[in-house]
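In what follows, a structure is listed as structure tokens, so that the remarks can point back to it.
In each ligand, atom 1 is the first atom listed, and ligand 1 is the first ligand listed. FYI, side chains are in, hydrogens and waters are out, and symmetry mates aren't considered; it's all heavy atoms of this structure. This structure is a prediction, so every number in the text was calculated from the model and none was measured.
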Amino acid sequence: MTRKEIEAIVAQMTVEEKASLCSGGDFWHTKAVERLGVPAMMVSDGPHGLRKQKDEGDHLGVNDSIVAVCYPAGCASASSFDRNLLNEMGQAIGEACQAEGVGVILGPAVNIKRSPLCGRNFEYYSEDPYVAGEIAASYIKGVQSKNVGTSIKHFMANSQETRRMSSDSRVDERTMREIYMPAFETAVKESKPWTVMCSYNRINGTYAAENKTLLTDVLRDEWGFDGFVVSDWGAVNDRVAGVKAGLDLEMPPSCGVNDKLIEKAVKDGSLDESILDQTVIRILEIVYKYMDNRDKEAVFDRQAQHEFSRKVAEESLVLLKNEGILPLKKEQKIAFIGQYAEKPRYQGGGSSHINSFKVTGALEMVRDMPNVIYARGYDDAEDRTDEKLVAEAVEAAKAAEVAVIFAGLPDAFESEGYDRTHMQMPESQNYLIEEIAKVQPNVVVVLHNGSPVEMPWLPKVKGVLEAYLGGEAVGEAEYRILFGEVNPSGKLAETFPLHLEDNPSYLYYIGEEDVVEYREGVFVGYRYYDKKKMNVLFPFGYGLSYTTFDYSNITLDKESIKDTETLTVSVDITNTGKVAGKEIVQLYVSDKESTPIRPVKELKGFEKIELAPGETKTVTFRLNDRAFAYYNTQIQDFHIETGDFKISVGSSSRDIRLEAEVYVESTRSIPKKYHLNTTFGDISKDPEAEKFLAPLYAACTMIDACDTNSAEGLGTSSKAMQDAMMQYMPLRALVSFQDGTIDFTRLQEVLDQLNQ
Ligand code: GLC
């Protein structure tokens, strides 16, 4: 169906019909118009598997859904840092959607991990917008390559669950642009998602569902989004304002209540019918895009996808500690301890909850290994120590050469709908680990958690494998990594802080009542910990391998560039170990000297490469202007300040192996806006300003502070004090320290010269 043909259909519609199309036909479908042969299209969650509900629909994962394959959640898959893998995962999910008649999968979920406490962190990708954007764009391209749409969510600044349907995220413009928007921006520009889902919350006072600045000015006019915007389920506040702002589809439908408001608004003239037409056309373009290209051959091969889910997990699990204990040897006497060995926690609670095809725990993989014994150790139904279970586990550990403890966060500790209040694991599990470490020096902990946890027992164990929520095949992946059949290659896409109190949002995370202030600004995650030079439990970008890698030969194709040019950086990576492995090479950019306060460094490139023992490959990064820029609120655009920038390439944010420098010249000047309250210090930063200031210094009578003979135009006695006085003195104050030749007319003349 072409646009013209859709327009022709809409032209035949009554206002009632058009208004009705602005909401779903039911919980999971757009609306049909039988009279005109307009079909309904199904949408379903997402993001890491297909949660298709045939009967009673709900948005919290309560009612049944069809059997589907549960892939690793976002916290895990982002740790793969593998664009191709996420694209493949997207393709698989797209295939499942085609086979099941679903036109849009409601994902990816890209909200930034502002705090480890967010109940939905498991579903999100990173604390870093570059990672979130790159991973999201890859997933979207994969799904949409199967002619199934996506719905990148939740737009925007929805980084907590507490009061999510009414809270007001107060975020300054620079922070929005540098931290909370880029994942959406990258995805929209690079992969053109068919739909965007607006979030529940307000942003700076206006609900996302009626936020014209976000839904039209930024999303469409600036970034070029051309699909439709769907509300989060129940996110609509003022439906007519929403239509005007760019919210196209209300989900779930409000039994016609809001449709009637749209109808009324058109009839009373407060809503221009052409806007309603545009809304309906946007929705139908996507509906027909899917319906006209149904893939009748698509097959949802659940077994094949289960095996692929294992591969995704194998690429995503993160080896956090290994003091010579991993990989295990199959002939070792091993104790597998913990309920999660048998029944792994592999997904989160809420709308993303998949009715999984087949869940494998690591224990299943060792059933035919008599040298592996099992003890349950705990029951995660409640955080209560069962001394009998502990005693059994301690005995099993004592009798073994190695104890592998499968632990983590129970469902009740984190979920959509509420936030955590602390970063601890269940006390009963910490106690179990401690008790086992007392009798067994060789302990490995395998963690199942959607968000960072404290690890009080870390010094007492020799190995830690972070499985996150690794999908239905996580047990197979854990087994293959523990026994060295797969070399772990995941890295953390978020920081694990030592203490919750260290987190930059700690003081005001969930806000007071409905006001949530993002006071930490751009200093989220490693941007904060690095700036404060804080120790962390495990840094952003960190992850171990069973081999080692050497970094050499960093080269830049230019020593200096203009802000309109790209810079190519290459580096050689060598596998210096004995087994094949994959390395995630990270590139960070630092502005060595900046007017605005900037993070120490920011991730602007990553590549994952596979190397045989002894093999060397060259990794190349291409950096455009955005790699160097900060958001300047005066010009309301990204800007690069001329100067030296450092390029750092490393194995993690705290393991920089090579550095180089590049000079970047800005070709865009910031319009000068000096005024009477601009200080002498600020004006004198401008090399052009000196000649205009000289006469003012000459007229200044402050204690020999205005000696224009010295380089700074300041006197020599008690220089520091006089420096500071002049530096911080606004122009207008000169009238109080002058020889009678200065008045405001004179000052304005100088300002006019300065602001040319
Ligand atoms: C939920 C979630 C959203 C989901 C939707 C439909 O409340 O916030 O991510 O896609 O409703 O289940």
Side-chain angles (χ1 to χ4, degrees), residues 23-30 41-66 68 70 73-75 93 97 102-113 118-125 132 136 139-140 143 148-167 169 183-184 187 193-203 207-209 227-237 247-254 347-355 414-419 450 469:
S23 66
D26 62 28
F27 215 85
W28 296 120
H29 291 83
T30 62
M41 175 184 73
M42 186 171 195
V43 302
S44 286
D45 292 310
H48 42 264
L50 177 56
R51 182 174 78 94
K52 174 187 173 186
Q53 293 185 313
K54 279 192 290 214
D55 309 314
E56 195 52 39
D58 74 272
H59 63 307
L60 294 173
V62 173
N63 297 311
D64 282 348
S65 55
I66 66 164
C70 181
C75 57
I93 291 174
C97 288
V102 173
V104 171
I105 188 90
L106 300 172
V110 301
N111 294 98
I112 293 299
K113 302 188 184 192
C118 177
R120 267 184 109 169
N121 271 348
F122 69 87
E123 207 174 324
Y124 302 151
Y125 290 138
Y139 170 99
I140 291 166
V143 173
V148 168
T150 54
S151 193
I152 186 169
K153 65 191 185 182
H154 310 84
F155 191 55
M156 61 168 276
N158 178 189
S159 292
Q160 68 186 54
E161 291 299 288
T162 305
R163 304 172 75 99
R164 65 175 178 167
M165 296 185 78
S166 61
S167 65
S169 298
F184 293 97
W194 288 13
T195 82
V196 169
M197 184 187 295
C198 77
S199 59
Y200 284 117
N201 54 286
R202 285 174 277 171
I203 296 96
Y207 276 102
F228 71 72
V229 177
V230 58
S231 72
D232 198 340
W233 267 236
V236 167
N237 170 54
L247 173 67
D248 304 303
L249 181 66
E250 172 194 15
M251 289 302 269
S254 46
Q347 65 171 327
S351 60
S352 67
H353 198 84
I354 305 298
N355 177 9
E414 58 180 346
S415 168
E416 176 178 344
Y418 58 86
D419 296 312
L469 300 185

Contact atoms of ligand 1, heavy-atom distance to [X] under 4.0 Å:
X: Leu106; answer: 10 (O)
X: Arg51; answer: 12 (O)
X: His154; answer: 3 (C), 8 (O), 9 (O)
X: Lys153; answer: 3 (C), 4 (C), 9 (O), 10 (O)
X: Trp28; answer: 6 (C), 12 (O)

In the protein, what heavy atom is nearest to [atom], and what distance, to one decimal place, separates them?
atom: atom 7 (O) of ligand 1; result: Tyr200 OH, 2.7 Å
atom: atom 8 (O) of ligand 1; result: Asp232 OD2, 2.7 Å
atom: atom 4 (C) of ligand 1; result: Asp45 OD1, 3.3 Å

* Asked: Applying a strict 4.0 Å limit to heavy atoms, is Met251 in contact with ligand 1?
  ->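 Contact absent.
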
Looking at [atom1] of [X] and [atom2] of [Y], how far apart are the two atoms once the value is rounded to the nearest 0.5 Å?
X: Met251; Y: His29; atom1: CE; atom2: NE2; value: 8.5 Å
X: Ile105; Y: Thr150; atom1: CD1; atom2: OG1; value: 9.5 Å
X: Leu50; Y: Ile66; atom1: CG; atom2: CD1; value: 4.5 Å
X: Ser415; Y: Arg120; atom1: OG; atom2: CZ; value: 8.5 Å

* Answer whether the closest heavy-atom distance between the side chains of His48 and Cys70 falls below 4.5 Å. =>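 Heavy-atom side-chain distance check passes, below 4.5 Å.
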
* Is ligand 1 under 4.0 Å from a heavy atom in the side chain of Glu161, in the backbone, in both, or in neither? ->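 For Glu161, no heavy atom sits under 4.0 Å from ligand 1.
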
* Hey, does the side chain of Gln347 reach the backbone of Ile354 with a donor-acceptor pair shorter than 3.5 angstrom? ->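 Indeed, once roles are kept as given, a pair shorter than 3.5 Å links the two residues.
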
* Asked: Is a side-chain N or O of Asp232 found less than 3.5 angstrom from the main chain of Ser199, in a donor-acceptor match?
  ->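 The answer is no, because no donor-acceptor pair under 3.5 Å joins these two groups.
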
* Asked: Under 3.5 Å, is there a donor-acceptor pair linking the side chains of Ser352 and Glu416?
  ->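 No, Glu416 and Ser352 have no side-chain donor paired with an acceptor closer than 3.5 Å.
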
* Using distance alone, decide if ligand 1 has a nitrogen or oxygen within less than 3.5 Å of any nitrogen or oxygen in Arg120. =>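 Yes, Arg120 has an N/O under 3.5 Å of an N/O on ligand 1.
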
* Asked: Is the closest N or O pair between Glu416 and ligand 1 shorter than 3.5 Å?
  ->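 Checking ligand 1 against Glu416, an N or O pair does fall under 3.5 Å apart.
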
